[in-house]
Each structure stands twice: as structure tokens, then as C-alpha cells.
Amino acid sequence: MLRRLAAGSSALALLLLLVAPPGPRVALAAGGTCTGWTSEYVPPPTIRVLRTVGPAKGTFQVVPFRKYVITVLAAEFGPSSPVEALRAGAVAVKDYGWYYAMHWRGNSAPRGGGCYDVQDNTWDQVYWPEHDRASDLQVQAVLDTWRVSVRKDGRFVPTGYRPGTAGKACGADADGWRLYQASAYRCALQGMLYPEILRTYYRPHFQIVVPGVHDPNGDGLGSIGIALPGTGPLAGGSVPAPTASGAPTASPAAAASASPTASAAADPATSASPVPSASPAPSGSTATAPAGFYDLLWSDAPQQAWQPSSLPAGTSLDPITTLGWAFADVNHDGRSDVLRLERLGTAGYRITVSLSLGDGRFGPAATWWSSVGTGLDLAPTEAVQLVAGDFDGDGTGDAAILAGTPGSPPMAAGPNGASAVPAAVPEAKLYLLRSTGTGFAPPQTWWSGPLDVGGARAFAADVTGDGRADLVVESDLYPSQLPVPPATPPPAGPGGAELPIGMRFLVAPSGPGAGLGQLTRWLDVTDTTRQQAQTVVEDVNSDGRADVAFLRPVGTGGSQIVGLLSTGSGFIRSTLWSSATFRASAAKLAAADLNGDGRGDLVVLYDMGSAGTKLFQFLSTGTSFQAGTRVLDPALDWATITPF
């Protein structure tokens, strides 16, 4: 049965939201604080609750915040609610209490005094631990959404919700400020996931913030992966720790606070000479681990990520070729794990998984899927790519393989009126490997359609904002594919084939059912080719929809970071950073939410020649990238590394 959130002060505050400009929605006591929590990205550890029932009536209790949210959800949202409705409710309950843990209304307990943030009744939210017990589904709904918070007009607000009217259709009573439980129940029954449910009731100008993309430690701070050459674990100890350029090894606080201007930080010509590592590798140590990760805020050294794994008996392991790496939380523990796709000579393919241990290290690699004996016949001549994301919206990351026979580019129009020949575009397929938490289920064909996989890069990301991963494709763009061909035909390649003149970005959107929709064009880029660009996909502006960012060369020695910001149905281009002296040819790009603010940041690994590799941190402001911490790793050979 749906429970009622009482109105009281929250009703007044939400009414004011409709008529007042953005800003604090309640009057704070002059100079006063209670819990005084300040972070809008990390939930408070505790909340102070005035008890109006039970043996503690009239006093306040300091309650662990997660216990508070779970207990309130049990009281306010019935246990029979669909799981996605519970997840949406968990976000609303959490953000309401979180807001008032930051904004004290000047209240004190009648017995013994002492300030409190919220009451335990319908004046705020019902908190009655002596009476209400959460079900397993309600507890899991809170855990699944613990990092998630929402914004209106870019501001943290006290989320409202009401029971609503039985029989109302999904979203029929949405007013932009409250979640109506009865109709939200119907949204969940229709297959909506909680991000889409929240968006339905709180839009417009609504944002969903999820800190810590690519977070192997589970601390809300993202890291980047770096694949290194080699086939075994680190020999003899750790590799040298990276150092902050021009200074001794940076402390976490120093690294986090460093924020030089974009022009100064991003110009390698202004960087100081390399500084020897403060913790050199033991004698005989060699960096032969096949991959590692960096957390720039901690200034960590690359870490061993996995060890050689095995296949079924009788399967040839030689030669092994790595085709791709990816981060995904495949066991639903809140930490990003590392996936690797390998081609095993003519024997087939396998995906290994190294589970995060949560302490800066990963467990040994285990084969979670092998094409041997599965009926998925992928020839070694096919173009194959690995992508990873939550395609089915169950909160657990999945793997997917995009495969297809390479096609051929279009032929330019020849002399004497010869007609142009369209490109040969074969059919490609995306095979979904759903995670079971300990392995991948047999492959399902999740999408199929015309695509030259050999002339494209694939990504898995939620660009539509419905809570499920979509397929995003960056493909070569040819002159004859433009709506209006160039007035002057560009030079043709060997045999009269057209040469790429840009990139076409396409999206196959997810939906409430199985599979993806048709691959459709979202935007064409005509000033950069796929061979020139380095591309990542992440939520740059923290609106709950993933965006595209790519690094492109400009002029003879400069570069530019371009954002393609998602509207949910297309991309809008925006220049996010540029430099006349930062050489794109010396840079490699990776993405993660480095500072845990819910916006996707960038790391550029820059070739410093014999000095090693310098890692430049670019933090997103939502509308641009600002250069921050710089870290030099003398032991990192730029030419041999692959960031992910």
C-alpha cells in the first residue's frame, strides 16, 4: 500500500520553487548549522531526527543516514512496489533527508534541546524503526541508488513525493516537483527504469548525478585504465610511483588542490624537468603487468590488474591477441571491474574479467566467456570490438561484442559520366553477454544492421537517459554520404575509392524490451576524420545522458577537445578546450569522473620522449574542461601503452 508523505514545511518549500528564482528553498537560521553536511555528491554519514513517537519522544537521535533512508523507504513506499519504482523512491527519500542535513531550519528538540534536521513524522518523512522493517527489495533499492542524486536547474533540492491518485496513467500528474507514487507504479510496470521515471516527474531542467564513473575502488572517484605491454605480473615489486611535475611526490591534498590554468598546465613546453621517483622500484623490478590503473587524486602507481588465465582443456592459447579493454561493474558490488577481449589464434575468442578487490588491486583474471563450444562462430577475419555497459538495466554491467565482415568504401564518380559506386556495407551484429555475477550468459543478438565494423569505433553508453546502455558508433564519413556533396570533389584514393572526410555518429537506442533500435545518424563531423580523432563517451555535463568528447588536431601543433552533448535524441557540438601548442599527435585520451562530482573528466597521456609520460588532468565544469593536476611517470613508455 502506498504511504503518504505529509506536507508541512516541505510542501511550503516546494510551492515556493514554482514562483521563486533558483536558490535555497528554506530560510536558514542566521549563521546556524546542525548536521552541517556540505557535500552534494557524497551522502552524509548521519542525520539528526526529532522523535515524536516511541520511548525517545521529544528528543533527537543521531541516526546513520543509510539506516534512515532504508527505514523511511519501508514506511513511505509499499513492499509490493515494482523494483524500479522503489529505486526512484529511494532517490527521492535520500535527497530529501540529504538536503535538510545541509540546510538547518533552526529547530531544536523540546526535551533537552539540541538541533535536529528532520522530524520522524509526516511533517518531513516517516521514520519509525520500532514499527517499520524494510524488505530485501527495499534495502537493495537503496543500495543500488546510493550514489545517485538529482538536481533542478543545477541545484540540489528537497525532492518531494506524494501518493497520487489510483488509476492515473504514468506521468499523467507530473508537475516537475513531485514523484507521484500511484502513477510511477504504472511507469515501472511499463518497463521504465528509475532514471526515466525520475526524469518523467522532475523535468524540465532536471539532472541525474552519478559520481565515480570508472571507479574500481568504490570510493566515488574514477580512475583510468592503462594497458601495458607484457604477459605476466609485476616482477620483484611495484613500478616507480608517478610524481607531480616540478615538485616532490604530491600528497592527496596537494594533488586535489592543484588547478593551474588551461594554457599553463596543458603546454608541455612549460613543464619542469622530470623528477626522479620518490619510491624507485626494487632492484630487478620490471613493469610487465598487462594492465593497470591510475587514480590521479591519490598519485598512485600503476597497479597489477590480472594474471594469465585458462581456457577449456585442448584449446590453443597461442597466439593471443588483445582486441580491447573495458571497465564495468559486472558483479554488482559498486566497484568497476576490468574486462579484456582476446583472440586466440584460430581457436576463437574469450573475455576475461579481473574483479576489483576494492583496495587498489584486482583479482586474477578469470575466463567469463569463451566462443569455444558456444555456437557463436566468429571467424578470425571478422572485425570484432568489445563494449561494456548495463544494456538490460538491471544495475549490473554486461559485455557485448560487435562483429562484422569488413566492408569497402564508396567509389568516387569517374570520368566521362561514370557513376559513383556506393560503399559495400555488410551486416554487423551486437552480441550481448549478460552478466550473472560470476560469468557471462550465452550470447544474444541484441542488434543487427548494416555497418562496416572495420571502419567504425563502438561504445556502450546511455546517451538517451533511460538507464540502459545504448550502442554509440563513430564511423567514417565519405563525400557521397553527405546530404549535399562537396562542390569540389576531394581527391580519391587507390582505385578511385573515396577517402573519409569526417566522422558520422550513430546511435542504436535501448528500450524497455530486449534488443536495441535501429542505428540512426545523430551528427556528422566534417573537419576531423576518425583516424585523426581520439574519442571517449561520458556524461560531461552531468545531466544523466552520456556525451561524446574527442581530441582533434588543430593547425600544425595545436589541439582541441570537442564535446557532442546529448539531447536524448541527437548531439549538439561544443568546443570544450583548445590549445595552440598541445600536440594532438603526442596525446592519448582516457575518461573517468576523477573528482567524484558526477561530471565526466579527461586524462590526456602526453609523450615526453625519454622522460616518460605526463598525465594531464582535465576536469569538467559542465560547459568546458579546465586543466588541473599534472603527473609525470618516468617509467611509463608512451609508445607502448593503451589507455581505457
Side-chain angles (χ1 to χ4, degrees), residues 2 73 77-92 135-138 140-145 148 150 161 163-174 178-203 206 208 210 328-329 332 387-398 400 430-437 441 443-449 460-472 507-520 539 543-546 566-569:
L2 294 175
L73 187 69
F77 287 77
S80 62
S81 297
V83 64
E84 295 303 322
L86 287 176
R87 287 171 174 165
V91 175
S135 68
D136 290 345
L137 280 180
Q138 290 169 326
Q140 191 61 50
V142 173
L143 298 180
D144 289 344
T145 58
V148 179
V150 300
Y161 54 97
T165 304
K168 283 280 188 180
C170 169
D173 46 2
R178 302 171 184 85
L179 174 70
Y180 286 94
Q181 295 161 294
S183 56
Y185 185 103
R186 289 177 173 263
C187 294
L189 292 180
Q190 292 174 14
M192 277 193 185
L193 302 185
Y194 81 87
E196 197 171 5
I197 294 174
L198 292 172
R199 199 180 302 280
T200 297
Y201 288 90
Y202 292 121
R203 66 187 174 196
F206 174 69
I208 299 175
V210 186
D329 178 9
H332 205 149
V387 294
D390 184 7
F391 282 94
D392 54 7
D394 65 353
T396 302
D398 309 303
L430 183 74
Y431 298 99
L432 176 65
L433 305 170
R434 274 193 170 106
S435 173
T436 67
Q444 297 175 262
T445 300
W446 208 245
W447 171 86
S448 63
D462 180 15
V463 294
T464 59
D466 68 349
R468 302 175 181 86
D470 311 299
L471 176 64
V472 182
V507 173
S510 58
L516 302 175
Q518 182 180 354
L519 196 65
T520 58
D539 188 358
D543 65 354
R545 294 185 289 258
S566 173
T567 65
S569 59

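Every heavy atom of this structure was used, including side-chain atoms; hydrogens, water molecules and symmetry mates were not.
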* **Salt bridge present between Glu84 and Arg87 (N-O < 4.0 angstrom)** => yes
* Structure fact -> For Ala188 and Ala85, the nearest pair of non-hydrogen atoms, with its separation, is CB-N, 3.8 Å
* To do: Please lay out, stage by stage, how Asp543 and Asp539 fare under the test side chain to side chain contact (heavy atoms under 4.5 Å, CB included).
  => CA-CA 7 Å; Asp543 65 354; Asp539 188 358; 3.3 Å; yes
* Structure fact -> Heavy-atom nearest pair, Leu179 first then Ala184, reads CD1-CB, 3.8 Å
* How about Asp144 and His332: does a side-chain donor come under 3.5 Å of a side-chain acceptor? -> yes
* CA sep, side-chain torsions, deciding dist, call: Arg199, Arg545, side chain to side chain contact (heavy atoms under 4.5 Å, CB included) -> CA-CA 11 Å; Arg199 199 180 302 280; Arg545 294 185 289 258; 3.6 Å; yes
* Structure fact -> In short, Val387 meets Leu430 closest at the heavy-atom pair CG2-CD1, 4.1 Å
* Asked: Backbone N or O of Ala141 within a donor-acceptor pair of the Thr145 side chain at under 3.5 Å?
  -> yes
* Asked: Distance from Tyr194 atom OH to Ile208 atom CD1, nearest 0.5 Å?
  -> 7.0 Å
* Asked: Okay, side chain of Asp398, backbone of Ser435: is any donor-acceptor separation there less than 3.5 Å?
  -> yes
* Where the side chain of Arg186 meets the backbone of Lys168, is there a donor-acceptor pair that is under 3.5 Å apart? -> yes
* Check whether any side-chain heavy atom of Cys170 lies under 4.5 Å from a side-chain heavy atom of Met192, and answer yes or no. => yes
* Going from OG on Ser81 to CG on Leu86, what distance comes out if it is rounded to the nearest 0.5 angstrom? -> 5.0 Å
* Asked: Quick check: does any side chain N or O of Gln138 sit under 3.5 Å from a backbone N or O of Ser135, one acting as donor and the other as acceptor?
  -> yes
* Sub-4.5 Å side-chain heavy-atom contact between Arg468 and Asp462 -> no
* Asked: Quick one: ring-ring contact (aromatic ring centres under 6.0 Å, His included) partners of Tyr202, sequence neighbours excluded?
  -> Phe206
* To do: Answer yes or no: is there a donor N or O on one side and an acceptor on the other, between the side chain of Asp470 and the main chain of Thr464, under 3.5 Å?
  => yes
* Can you tell me how far the CG atom of Leu432 sits from the CG atom of Asp392, to the nearest 0.5 Å? -> 6.5 Å
* Looking only at atom types and distance, does a side-chain atom of Thr445 sit under 3.5 Å from a main-chain N or O of Trp447, one as donor and one as acceptor? -> no
* Asked: Where do Ala546 and Ser566 come nearest, in terms of heavy atoms and distance?
  -> O-CB, 3.2 Å
* To do: Could you tell me whether the side chains of Ser510 and Asp466 share a donor-acceptor contact shorter than 3.5 Å?
  => yes
* To do: Identify the heavy atoms of Tyr431 and Pro443 that sit nearest to each other, and give their distance.
  => CB-CB, 4.2 Å
* Asked: Quick one: do the Ser183 and Tyr201 side chains pair a donor with an acceptor below 3.5 Å?
  -> yes
* Say you draw a straight line from SG of Cys187 to OH of Tyr180; how long is it, rounded to the nearest 0.5 Å? -> 13.5 Å
* Asked: Yes or no on side chain to side chain contact (heavy atoms under 4.5 Å, CB included) for Thr396 and Asp329, after CA distance, side-chain angles and deciding distance?
  -> CA-CA 6 Å; Thr396 302; Asp329 178 9; 6.0 Å; no
* To do: Report yes if some heavy atom in the side chain of Val91 is under 4.5 Å from a heavy atom in the side chain of Tyr161; otherwise report no.
  => no
* Structure fact -> Closest heavy-atom pair, Ala328 versus Ala388, reported as atoms and distance to 0.1 Å, is CB-CB, 3.9 Å
* To do: Please round to the nearest 0.5 Å and tell me the distance separating atom CG of Asp173 and atom CZ of Arg178.
  => 10.5 Å
* Asked: What distance do Phe391 atom CZ and Trp446 atom CH2 have between them, rounded to the nearest 0.5 Å?
  -> 9.0 Å
* Asp390 side-chain N/O to Gly395 backbone N/O, donor-acceptor pair under 3.5 Å -> yes
